[in-house]
Amino acid sequence: MKKITKVDVAVLGAGTAGLTARRSAEKQGASTALIDPGPHGTTCARVGCMPSKLLIAAADAAHGVRQAETFGIRTEMTVDGALVLKRVQKERDRFVAGVLESIERLRSEGILLEGAARFSSPKLIEVEGHGMVEAKAVVVATGSKALVPPPYEGAGDRLMTNEEIFELDSLPERVLVVGTGIIGLELGQALTRLGVQTTLLGKSNDIGPLTDPKMKTEALRLFSEELDLHADHDLREVRVVEEGVRVRFVDAYGKENLGVFDRVLIAAGTGPNLEQLDLERAGISLNEKGVPSFDPCTLQVEDTNVFLAGDVNGYRPVLHEAAEEGRAAGANAARYPSVMTRVRATALSVVFTDPQIAIVGRPWSEMKCDDDRVGEVDFENQGRSRVMGVNRGKLRLYGERNSGLLEGAEMLGPAVEHMAHLIAWSIQNRMTVSEVLDMPFYHPVVEEGLRTALHDLESSLHIRYPPGEECEEFGPGA
Ligand SMILES: Cc1cc2nc3c(=O)[nH]c(=O)nc-3n(C[C@H](O)[C@H](O)[C@H](O)COP(=O)(O)OP(=O)(O)OC[C@H]3O[C@@H](n4cnc5c(N)ncnc54)[C@H](O)[C@@H]3O)c2cc1C
């Protein structure tokens, strides 16, 4: 007879979503068990947001030195790959250590059970090495993992995903990055700027999370100036040879390309960590997207006692959403069956390339808006951007006819991470374009570019504020 631990809420996965879910359930007065086989430390701190931003910070530093000549400053530079990675690992370890402290506390309190979990029935979970956990409700927060396209599976230890790249001792000479989504683009550009001979392969001209055809064209143009980027290709051969991995492909222009790479970095999408959970024993089936059908406002899977939070549900796979979903799922699991609905925050995602990319609110693909509800700015002649030599990119805002409400934005430009927040907060506060224009804009700042796009949108939507008056424009020195 296996040992049975009885709790109100079992949380599967001790990542960002799982840790917040457990805490949130506990705050509601529920007894909890947190189940995770490790490695601990969260994807974000260990192999995700933080180490990738650390690598990008080094790449930005190298790029800054190269760009110094623009300002009349001459200098020489060497990238020491081993030192770059040493700093990445040292700082990454600090972030991970913070998480490990909480994990250690939960271990000592007997809340953390270290083993893989799988359902035996809707309320019974088998934990490898720990027996059974009986729970009234369960939060599944098992995250996702990189999917390796079958042709690359034979590349052996030359293959890396985000799980391996930050563990390297030194930078490889030649890297193939498979995927031009957020991770492929961020890491591919960082490697290029750190002096690694990098080739990026994408499909269907997809570039980061952009969906607006005009934005995609602009992004492809800008990134192709710097990167060996093939945003569409037809793969012909992947073969491990003595010197590395030999890859042959035909590019969008019909030209055959051949390269030998020391390493292949896979960034071609992710899949949910669900296959080991035996969800069918909990009476749960998967939909056409490969996840259980769930309500994003309650995180509940249909009318079951199971809640799905974080990357595992594939809804908005970014950190702040994982944390928020964890909080909501944990509270609802504790309250089950009386669950509460919560309004989701405005969608916001940022890509830390240069120029940065951001998507806010509803992307173009959801609305397919014509130009009569779009406002646009090109950063080429934007004052502050030119001052800093970063005047590249475009920003498109989408608004609603009649109401004049801001609905969404796709951005590519200098430090758009900040403008993306301003727009997200404005959308969430249901502000009209005119109301946003009534806010202060300092001079000279990159946000003045945003103001130009807002004016353009105001004019596309045929609204004016104050009614009938033209807005005053401030130029340089005005
Ligand atoms: C390279 C990279 C860069 C990123 N950069 C950013 C960024 O800049 N900004 C941003 O917002 N987001 C970024 N993200 C996304 C962000 O990291 C994720 O959205 C977030 O970490 C998801 O948290 P989670 O709790 O859902 O999953 P995780 O943190 O992955 O937690 C899942 C946990 O489940 C456990 N588990 C798996 N299977 C089982 C099982 N059978 N039983 C029990 N436990 C199990 C795992 O061990 C793990 O601890 C990045 C991701 C990557 C990969």
Side-chain angles (χ1 to χ4, degrees), residues 10-22 33-57 88 92 95-96 99-100 103 112-119 125-130 133 138-147 160-166 177 179 181-188 190 208-209 265-267 269-279 299 308-327 329-330 347-353 356-359 417 420:
V11 178
L12 317 189
T16 302
L19 286 165
T20 48
R22 196 212 67 82
L34 182 62
I35 303 162
D36 193 320
H40 300 300
T42 75
T43 290
C44 172
R46 208 170 52 77
V47 291
C49 330
M50 303 316 275
S52 61
K53 264 74 271 175
L54 283 161
L55 193 73
I56 290 167
V88 168
R92 184 260 333 255
F95 294 121
V96 171
V99 182
L100 293 184
I103 290 285
L112 176 70
L113 305 178
E114 293 180 88
R118 56 196 182 96
F119 284 92
I125 293 145
E126 186 178 346
V127 185
E128 209 176 27
H130 287 275
V133 171
V138 182
V139 178
V140 174
T142 47
S144 65
K145 61 171 179 306
L147 296 175
M160 331 181 265
T161 66
N162 61 302
E163 288 280 343
E164 290 86 22
I165 184 170
F166 308 112
V177 177
I182 296 176
I183 296 172
L185 213 51
E186 281 189 352
L187 296 181
L265 173 66
I266 301 290
T270 58
N273 289 325
L274 286 172
E275 71 277 14
Q276 290 170 1
L277 297 183
D278 287 348
L279 280 170
L299 288 315
L308 218 52
D311 280 15
V312 70
N313 67 35
Y315 182 65
R316 289 183 185 171
V318 287
L319 182 97
H320 68 283
E321 295 283 0
E324 270 312 306
E325 288 183 0
R327 235 183 301 281
L348 167 64
S349 73
V350 176
V351 187
F352 294 87
T353 45
Q356 289 186 343
I357 300 173
I359 307 278
E417 63 186 282

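The first residue of the sequence shown is numbered 1, and numbering continues consecutively from there. Atoms within a ligand are numbered from 1 in the order they appear, just like the ligands themselves.
The shortest N or O to N or O distance between His320 and ligand 1 is not below 3.5 Å. In terms of polar-atom proximity, defined here as any N/O pair under 3.5 Å, Ala117 does make such a contact with ligand 1. Inclusion of Gly18 in the set of residues having an N or O under 3.5 Å from an N or O of ligand 1 is not warranted. Remark: ligand 1 and Leu319 share an N or O pair separated by less than 3.5 Å (distance only, no angle test).
Atom 2 (C) of ligand 1 has Gly48 CA, 3.4 Å as its closest protein atom, hydrogens excluded (heavy atom only). Of the protein's non-hydrogen atoms, Pro317 O, 3.8 Å is the one closest to atom 15 (C) of ligand 1. With respect to atom 21 (O) of ligand 1, the closest heavy atom belonging to the protein is Cys44 N, 3.6 Å. Of the protein's non-hydrogen atoms, the one nearest atom 48 (C) of ligand 1 is Asp36 OD2, 3.3 Å. Nearest non-hydrogen protein atom to atom 23 (O) of ligand 1 is Ala322 CB, 3.8 Å. The nearest protein atom to atom 26 (O) of ligand 1, hydrogens excluded, is given as Asp311 N, 2.8 Å; this is a heavy-atom distance. Closest to atom 8 (O) of ligand 1, if we only count protein heavy atoms, is Lys53 NZ, 2.7 Å.
Panel note: side chain Glu186, backbone Thr353; no donor-acceptor pair is recorded below 3.5 Å. Formation of a donor-acceptor pair under 3.5 Å by the Asn273 side chain with backbone atoms of Thr142 is found in this model.
A salt bridge links Glu275 with Lys145: at least one charged nitrogen is closer than 4.0 Å to a carboxylate oxygen.
In the displayed structure, Gln276 atom CD is contacted under 6.0 Å by at most 12 heavy atoms of other residues, nucleotides or ligands.
Looking at Val350 against ligand 1, nothing comes within 4.0 Å, counting heavy atoms.
Ligand 1 does not have Ile182 within reach: every non-hydrogen atom of the residue lies 4.0 Å or more from it.
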